[in-house]
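A quick write-up on the structure given underneath.
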Amino acid sequence: MDKSVFGEFNLPVETRHILRPKSHVILAVVLTNWSSNSLEIHAKDFLEKNPLLEHKVYEAWEAGSFKNIRRLKILQTRNVEEIEYVSSYMGPLPRAFYKSPYRGNAVEGFEEYLAHNELLFNKANRGGGDRYYAKSFSIVQSSGTGKSRLVHHLAEEGKCFLIYMNLGNSPLAYPTEDGIPVQLLCPNLQSYERLDQYCSVDQKYEAIYSAFFAAMFRCFASELTKLRNEHGNDSSRELARKWFERFSGPRAKGSRIDFFKRLQLEFSREIDAVWKQLRNYPKLSNTTSGPTQGVVTGSGVLVKACKTVETAIELSGEKLPLVIVFDEASRIAELEKDAGLIMNPAQILCKVISDYSHNCDLPIWSVFISTNSRIAGDFSGSPKVKTQDSDRIRIGGELLFRPFTELGFNQLSKPLKDIDMASVSRIDNLIGFGRPLWMAQYSHANLGIPQMVTLGQTKLARGNFQNTQAQLLAILAQRFCLDLAFGHPLTVDFEKEGVASHMRYLITTTENRDVLFATYPSEPFLSHCAAELLWSGDSAPENAIRILQSRLKRGMIDKGKTGELVTRLLLSLAKDICCTKLEEDAQYLRYCRSVGLISWLEALFGGHIFQEKVLRQRVDALFGNMEVNFSHWIGMDENIAKPDSTGGIVKPDIKPDVEWLQLLYVMTAAIQCHHGQPAIDQIIPMRDRVKNTMSVVLASTKNRVTAERHDLDSIDASNPYIGLDSDEPYIAILQDLGVDEESVVVSLDESGRRPCLRIHVKGCSSQVYPLLGDYYKELPGLLKVPVEPKSDGKLRRVRDQAKLFARMDNIRWWDS
């Protein structure tokens, strides 16, 4: 199998029958990976001149081998008239990584975070507060959010000197593995047997990592000095940009390899220096311990090497930070624990960083990147992390820096004015929402819609969908805004696994880093992928309900005081059913498509609800052109408006005006209101496709034994608690889920400023929700699960603060 070729597309070989990029892209990658002296061909033009070759390229793709393609005589020619050279060709993954635009303010935030950490560390070292353990921190976030690009972009802008190392061993990822750093940081200890006479296993790792950093510092100082001599008149920032271009940019492959080869050579010298120091100490015996840490690090080779960096940076002018990045850093933490090893190798690495951090007055920062949140604790420098009652983290009396997680969303989405409201569900309109991975793959890897959906499903499910509990919970949480019990053991496990493996977005961690706050922000493309998985098998919907029942009983998931979770499921289920009946369109994402309002209401409550002729005619006149479009739910962190101390209404921070509803409609999102919101629980945007105007569906959920009509009548879009700024007719729905009486009563209220179709639903069975007879038969059973006691006020406030919500300042992506 040509795994290297499939790796360029970030695709497993076994998916080749489903995923197939454009033929010219395949050919270009094949020939670029052919050999060191192969020609780089302008493959698209070449295929146009040789159309019969396209079929052979696709045959090879299906077979998983390109051996016969490479042997074709037509590709062996050196006639420059037939073959156009493209010296700047990059494969799809490198092109997506380097060429897709980088937007948003994550880089500025990261620069500020780095400078603030430097200030805190230096202030503490001068006696201005509690001492920080080391100049190191982690960047933890789920896949595709731009972690690696963040540090590259900071360096590309000349804001730091970057030494980037990727330790990942996946052939399907980019950036790819840097073999020499992996070899040195994940060592075979048998190669260092001569140290056994003088060192414990922990000290052996410490000696290796000390030699690694010493070699790194000397190589950096040497190369920076050369660069400064070549460009003597350049500012520090310009030098930093040139450093990036030479050692981390898109054309840096050869220079990077040479740098790491020099690193390896220098490492051998440094480990020899450590060995010579150790020989001055007695050999280990049953009664003696190894040499003190100062011999290996603090007063040894490492600090001496650190001084060379100080000289090189000071001669360059402005003291820009040197940022040493360990991408896919969990590989160090996951090293098999050797016999006699007390600390994790990752903790020993941080111990070495701590030693030079306190003995070298330079902004040298080590950054550990991973999707796995455990690195925030693994790279701590101690077997145990102690906590205090503050927002900082302690270790052995010293403070640690919190992980950086603020990578942003929607950076590559279109401005609202450029999106046609009639075609919001086209993939090119939706693919920019959410993490930058989707747009980068779609635009630069030339993947079509089926391939993109398979990629999204693979990322969300972490491999093939097999109806596992973890996969189903991820699907449900992504679409239906599951309210998880903070601190519950099942929640703790789900959040960690969700961030690492199921695309969940990390907000922050608790002080001891054991508990995560995470969420699924609005990401319509991923919602479509989740919906397709949910409907992909006969048993998936039923299994999903069983998982919810199980987690509700065990207290992990909160169904809401009045059963709001059941309401969200019912409203979405009816929308999904309508979507499955739409005609196929290759450019549209099925579960993000708009459906007729009346069709949706009939799918939800049955076709009989508008049987009365006069009512039907009036409903058709008012709402016949209305459409709804929502693929997932977003939770609100506060009420739309609230009373002030005098009893008046505070002007809302979140005002449901036309623009706000347009944003929700474009993002195919519906709103689950804050639990204290008066009158309503859910907001669904709807649009008149003829007039291109916006209105809304306002829904309230009750789970009580007696139905009360006045709650339906109190839903008024003009009410200050809601404040809808629109003259269009709207819908009000009251769902009394807990009453024994079963009926759906529809009335049209035209007495106010705007007409309102009011629907009062009593009960929760297939009689009032006909779809329950065919799908989700066990859904009403969720209402019978006892409500678990709420967390205390402090925990709920902390949990509420750890979400992403549909506030205007969060979703006006084009202004950021």
Side-chain angles (χ1 to χ4, degrees), residues 133-136 163 165 167 180-222 260 262-281 284 289-310 312 322 324-326 329 331-333 335 338 340-362 364-368 378-383 398:
Y133 182 67
K135 289 188 177 182
S136 64
I163 298 176
M165 294 165 285
L167 311 181
I180 291 175
V182 170
Q183 179 185 337
L184 300 180
L185 292 165
C186 305
N188 177 1
L189 293 187
Q190 292 180 354
S191 302
Y192 304 90
E193 286 181 337
R194 59 179 174 168
L195 302 180
D196 292 345
Q197 303 174 69
Y198 302 95
C199 294
S200 66
V201 180
D202 285 58
Q203 289 169 336
K204 196 172 178 180
Y205 269 107
E206 187 177 348
I208 292 168
Y209 290 153
S210 297
F212 174 84
F213 278 106
M216 180 70 74
F217 292 153
R218 293 192 187 279
C219 289
F220 170 76
S222 173
F260 289 136
R262 287 191 292 275
L263 171 67
Q264 190 174 37
L265 182 62
E266 191 63 41
F267 172 82
S268 298
R269 296 190 184 113
E270 297 294 346
I271 204 71
D272 285 342
V274 172
W275 162 247
K276 289 175 182 177
Q277 282 191 340
L278 292 173
R279 290 175 65 185
N280 296 322
Y281 288 81
L284 287 178
S289 60
T292 63
Q293 75 172 49
V295 173
V296 178
T297 56
S299 61
V301 296
L302 181 55
V303 172
K304 291 179 182 178
C306 196
K307 296 299 182 184
T308 65
V309 177
E310 187 171 3
L322 168 59
I324 304 171
V325 175
F326 303 85
R331 188 168 182 180
I332 299 175
L335 287 173
D338 295 89
L341 189 64
I342 297 173
M343 298 174 70
N344 186 297
Q347 294 163 343
I348 298 173
L349 183 68
C350 284
K351 184 174 182 289
V352 172
I353 295 170
S354 177
D355 289 336
Y356 76 70
S357 294
H358 291 286
N359 288 281
C360 183
D361 187 23
L362 275 177
I364 302 176
W365 287 89
S366 292
V367 181
F368 305 100
D378 287 336
F379 288 91
S380 61
S382 174
E398 296 180 317

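- One distance of note links CZ of F267 with CG of D272; it measures 9.5 Å at 0.5 Å rounding.
- Within the 3.5 Å criterion, the main-chain N or O of A305 finds a donor-acceptor partner in the side chain of T308.
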message: Determine whether L302 and F217 satisfy the following criterion, side-chain contact (heavy atoms from CB on, under 4.5 Å), listing intermediate values before the conclusion.
response: CA-CA 9 Å; L302 181 55; F217 292 153; 3.8 Å; yes

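- Atoms OH and NZ, from Y133 and K351 in turn, are 6.5 Å apart once rounded to the nearest 0.5 Å.
- Residues that satisfy the salt bridge (charged side-chain N to carboxylate O under 4.0 Å, His left out) test with D361, not counting sequence neighbours, are absent from this structure.
- Shortest non-hydrogen contact noted between Y209 and P345 is CE1-O, 3.4 Å.
- Closest of all the heavy-atom pairs between C350 and A134 is O-CB, 4.3 Å.
- Using cut-offs of 30° and 60° for the angle between ring planes, the F212 and F326 rings count as tilted.
- The stretch residues 207-222 participates, sequence neighbours left out, in these salt bridge (Lys or Arg N to Asp or Glu O under 4.0 Å) pairs: R218-E270.
- Ring geometry, Y356 versus F213: the interplanar angle falls from 30° to 60°, so the pair is classed tilted.
- For the atom pair Q203 CD and I342 CD1, the distance stands at 9.0 Å (nearest 0.5 Å).
- I180 places none of its side-chain heavy atoms less than 4.5 Å from the side chain of M165.
- Within the 3.5 Å criterion, the main-chain N or O of S136 finds no donor-acceptor partner in the side chain of S366.
- The line from SG of C199 to CZ of R194 is 11.0 Å long, rounded to the nearest 0.5 Å.
- A donor-acceptor pair under 3.5 Å links the side-chain atoms of D202 to the main chain of M343, judged by distance alone.
- The two residues C186 and L335 have their closest heavy-atom pair at CB-CD2, 3.6 Å.
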field: F368 and L349: CA distance, side-chain angles, deciding distance, side-chain contact (heavy atoms from CB on, under 4.5 Å) verdict
entry: CA-CA 11 Å; F368 305 100; L349 183 68; 3.7 Å; yes

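- The two atoms that bring I271 and A207 nearest to each other are CD1-O, 3.8 Å, heavy atoms only.
- The two atoms that bring I208 and P187 nearest to each other are CD1-CG, 4.0 Å, heavy atoms only.
- To the nearest 0.5 Å, atoms CD (E266) and CG (L263) are separated by 8.5 Å.
- Counting heavy atoms from C-beta on, the side chains of N359 and C306 never come closer than 4.5 Å.
- In this structure, S357 contributes its side chain and K135 its backbone to a donor-acceptor pair below 3.5 Å.
- With rounding to the nearest 0.5 angstrom, the OH atom of Y205 is 4.0 Å from the CG atom of L189.
- A donor-acceptor contact shorter than 3.5 Å links the side chain of S268 to the backbone of Q264.
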